[in-house]
Amino acid sequence: MKKLFAILTVVGALTFSTASAFAQSEESAASATTEQVVVSETDVEGEPMHQILKAQFLDGGAGWMAPLLLCLVIGLAIVIERVIYLNLSTTNTKKLLAKVEEALNNGGVEAAKEVCRNTRGPVASIFYQGLDRYNEGVEVVEKSIVSYGSVQMGQLQSGLSWISLFIALAPMLGFMGTVVGMIEAFDSITVAGDVSPALVAGGIKVALLTTVGGLIVAVILQLFYNYLISKVDSLVLSMEDSSISLMDIITKFNQKNR
């Protein structure tokens, strides 16, 4: 999973550098003109979506839009890594409990531990930790399950704080870009000495594009974040429920072998 995250981060960095370089070249070419060109609806019609998005990205300014793109790319990289990890952590707990109970009754604790060792996921790991301390008593087994369950819960929630950071950071960067853009628009009015509608409208448009970009990034990441939270909650509930069932199985086995 770490390798996957590293690869996706590198891809995001390359995307960021490419967008920045392209934006800088476009801005240097546009610096020769003294007036801003307002694209009409008739010019936009018929253009591919990626061309429109690229034009809006450049209008918003690479200095503010590039950090928003970076937040989106890194956030999506973490989302992909978490989705893969959580899906791999999903286990059919009823089937696992049936196998553990059968192995425990037929082959003892070692056979049950072997079943857990060969099963993927946090539930099987918790079962293994509990069975590994069976000889120390049922109370120790229960404490071990609770303690290791907390460890597994922390691993399931790993990376979610970074996604929430990007969700909060993207709109703030967008608003900051808007404020800075508005200040630059008023500076242009002061220098020109005249309130030109085209000058004011163009400056406000460029300023508001950063806000739109930040909100779009936040909305996309928020949707994935809520999905991941619901997935983690489902896994935690499954862990708790199956741990109680395992304790019942171990208690019955202990009473049977007294």
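- Linking ILVMFWY residues whenever their side-chain heavy atoms come closer than 4.5 Å, directly or via other members, leaves Val219 and Met65 in distinct clusters.
- Note that the CG atom of Leu156 and the NZ atom of Lys231 stand 10.5 Å from one another [nearest 0.5 Å].
- Connection of Val115 to Val109 is established within a shared hydrophobic cluster, with ILVMFWY side chains joined at heavy-atom distances below 4.5 Å, either directly or through further cluster members.
- Surrounding CZ of Arg120 are at most 12 heavy atoms belonging to other residues, nucleotides or ligands under 6.0 Å away.
- Between Thr93 and Met239, the closest side-chain pair of non-hydrogen atoms is not below 4.5 Å.
- Atom-to-atom distance recorded for Ser238:OG and Lys94:NZ is 10.0 Å, nearest 0.5 angstrom.
- Counting heavy atoms from C-beta on, the side chains of Phe224 and Leu76 come closer than 4.5 Å.
- Within the 4.5 Å cutoff, the side chain of Val232 has no heavy atoms near those of the Arg82 side chain.
- Once rounded to the nearest 0.5 Å, the distance linking CG of Leu169 with OG of Ser164 reads 11.0 Å.
- When atom types are taken as modelled, the side chain of Ser234 and the backbone of Ser230 share no donor-acceptor pair closer than 3.5 angstrom.
- The pair Glu102-Lys99 does not meet the salt-bridge criterion, since no charged nitrogen lies less than 4.0 angstrom from a carboxylate oxygen.
- With contacts defined as side-chain heavy-atom distances shorter than 4.5 Å, the pair Val100/Cys116 qualifies.
- Inter-residue side-chain proximity for Leu97 and Phe127 is flagged as met; some heavy-atom pair is nearer than 4.5 Å.
- Aromatic rings of Tyr148 and Tyr128 (six-membered ring for Trp) have centroids beyond the 6.0 Å cut-off, not under it.
- With a 4.5 Å cut-off on side-chain heavy atoms, Ile126 and Ser243 count as touching.
- Closest approach of Ala170 to Ala218, counting heavy atoms only: CB-N, 4.3 Å.
- For the side-chain contact (heavy atoms from CB on, under 4.5 Å) criterion with Ser89, the lone passing option out of Val123, Ile84, Leu235 is Leu235.
- Residues Ile220 and Leu223 do not share a hydrophobic cluster, clusters being chains of Ile/Leu/Val/Met/Phe/Trp/Tyr side chains in contact below 4.5 Å.
- Looking at Gln152 and Val236, their side chains never come closer than 4.5 Å, going by heavy atoms from C-beta outward.
- Leu215 and Ile74 are not part of a single hydrophobic cluster, where members link through side-chain heavy atoms under 4.5 Å apart.
- To the nearest 0.5 Å, atoms CD (Gln157) and CG (Asp233) are separated by 8.0 Å.
- When the options Ile78, Leu68, Leu173, Val217 are evaluated for a side-chain contact (heavy atoms from CB on, under 4.5 Å) with Phe166, the one that passes is Ile78.
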**Message:** The test is side-chain contact (heavy atoms from CB on, under 4.5 Å); show your working for Tyr227 and Val83 and say whether it passes.
**Reply:** CA-CA 9 Å; Tyr227 166 76; Val83 169; 4.0 Å; yes
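- Between Leu104 and Ala112, the shortest heavy-atom contact is CD1-CB, 3.9 Å.
- Distance check: Lys113 NZ to Gln129 CD gives 9.5 Å after rounding to the nearest 0.5 Å.
- Between the side chain of Ser150 and the backbone N or O of Val146, at least one donor-acceptor pair lies under 3.5 Å.
- A distance-only check finds no donor-acceptor pair linking the side chain of Ser144 to the backbone of Val140 [under 3.5 Å].
- Taking 4.5 Å as the limit, every side-chain heavy atom of Phe253 sits out of range of all side-chain heavy atoms of Ile250.
- Here the CG-CD1 distance, from Leu160 to Ile229, works out to 5.0 Å after rounding to the nearest 0.5 Å.
- Criterion: ILVMFWY side-chain heavy atoms under 4.5 Å apart, direct or through other members. Under it, Ile244 and Leu246 are not part of a common hydrophobic cluster.
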